[in-house]
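Okay, structure first, notes after.
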Amino acid sequence: MMQKLDIKTRSQIEFQEITIKVREIVRDSGVQNGICVVFVPHTTAGIMINEHADPDVVDDILNQLEEIVPQRGEYQHREGNAAAHIKATLIGSSVTLPINFGELALGTWQGIFLGEFDGPRNRQALVSIIGDK
Ligand code: ZN
């Protein structure tokens, strides 16, 4: 099964945690053992798994992405959001998680974050679940 998550981002660039919403979809699916894929159908947003215990970690990631790929630079893309496309590619557009005993097998410190690089906008995450009930 596949379910859509609607996510409203609030800033031009941000990481927004969606772990709780993905966990709910996994629980509702009734799948006990399997895999969960979270895919973002966008070219200027991405998805990653990283630490959610200390919010400074995602802030550091965001700041370093900005250092690596500055908003203004020598880009060719005429739309003016080349930096957002590049950041999205660095982060990636999907994550795959194991489902074990009906729960996402995330580590204690891990969370799932949508990365917005050209917001604020309405975004989507597609959550696909395959497995045994
Ligand atoms: Zn563009």
Side-chain angles (χ1 to χ4, degrees):
M1 56 83 84
M2 196 198 77
Q3 204 151 314
K4 267 183 212 162
L5 279 177
D6 292 310
I7 299 150
K8 207 182 257 297
T9 61
R10 289 162 291 223
S11 323
Q12 200 211 348
I13 63 167
E14 71 178 33
F15 281 113
Q16 193 173 129
E17 186 168 11
I18 61 167
T19 316
I20 290 168
K21 292 173 183 165
V22 179
R23 272 191 206 283
E24 270 175 21
I25 293 172
V26 169
R27 282 177 192 152
D28 292 348
S29 76
V31 167
Q32 292 304 299
N33 287 289
I35 57 169
C36 170
V37 176
V38 188
F39 173 77
V40 173
H42 303 292
T43 59
T44 56
I47 192 143
M48 71 165 190
I49 295 172
N50 214 296
E51 171 154 350
H52 67 160
D54 180 359
D56 286 348
V57 173
V58 289
D59 282 350
D60 284 340
I61 294 170
L62 213 52
N63 291 336
Q64 285 305 307
L65 277 173
E66 192 56 40
E67 289 278 319
I68 299 164
V69 189
Q71 195 60 35
R72 290 176 190 283
E74 299 281 312
Y75 305 116
Q76 294 181 59
H77 180 46
R78 291 211 186 109
E79 201 191 356
N81 61 356
H85 288 286
I86 297 165
K87 287 179 180 107
T89 274
L90 291 174
I91 292 298
S93 56
S94 71
V95 291
T96 306
L97 301 101
I99 300 167
N100 199 16
F101 301 110
E103 293 286 341
L104 286 177
L106 281 166
T108 310
W109 311 113
Q110 287 181 314
I112 308 164
F113 297 87
L114 177 117
E116 172 63 81
F117 306 115
D118 196 20
R121 290 202 204 190
N122 292 317
R123 299 295 198 174
Q124 281 188 343
L126 309 181
V127 183
S128 299
I129 295 170
I130 312 170
D132 305 324
K133 294 199 179 185

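Atoms within each ligand, like the ligands themselves, are counted from 1 in listed order.
Listed by first then second residue, pairs satisfying ring-ring contact (aromatic ring centres under 6.0 Å, His included) with a partner in residues 41-73 number zero, not counting sequence neighbours.
Of the listed residues (Ile112, Ile35, Val37), just one forms a side chain to side chain contact (heavy atoms under 4.5 Å, CB included) with Leu97, and that residue is Ile112. Checking each of Lys87, Gln12, Arg123 against Glu116 for a side chain to side chain donor-acceptor pair (under 3.5 Å) leaves exactly one that passes, namely Arg123.
For the pair Ile91/Leu65, a side-chain contact is recorded, criterion being any heavy-atom separation below 4.5 Å from C-beta on. Looking only at side-chain heavy atoms (C-beta outward), Val31 and Ser29 come within less than 4.5 Å of each other.
Between Gly102 and Val26, the closest heavy-atom pair is O-CG1, 3.8 Å.
Take the Zn ion (ligand 1) and draw a sphere of radius 2.8 Å; the protein N/O/S atoms inside it number 4.
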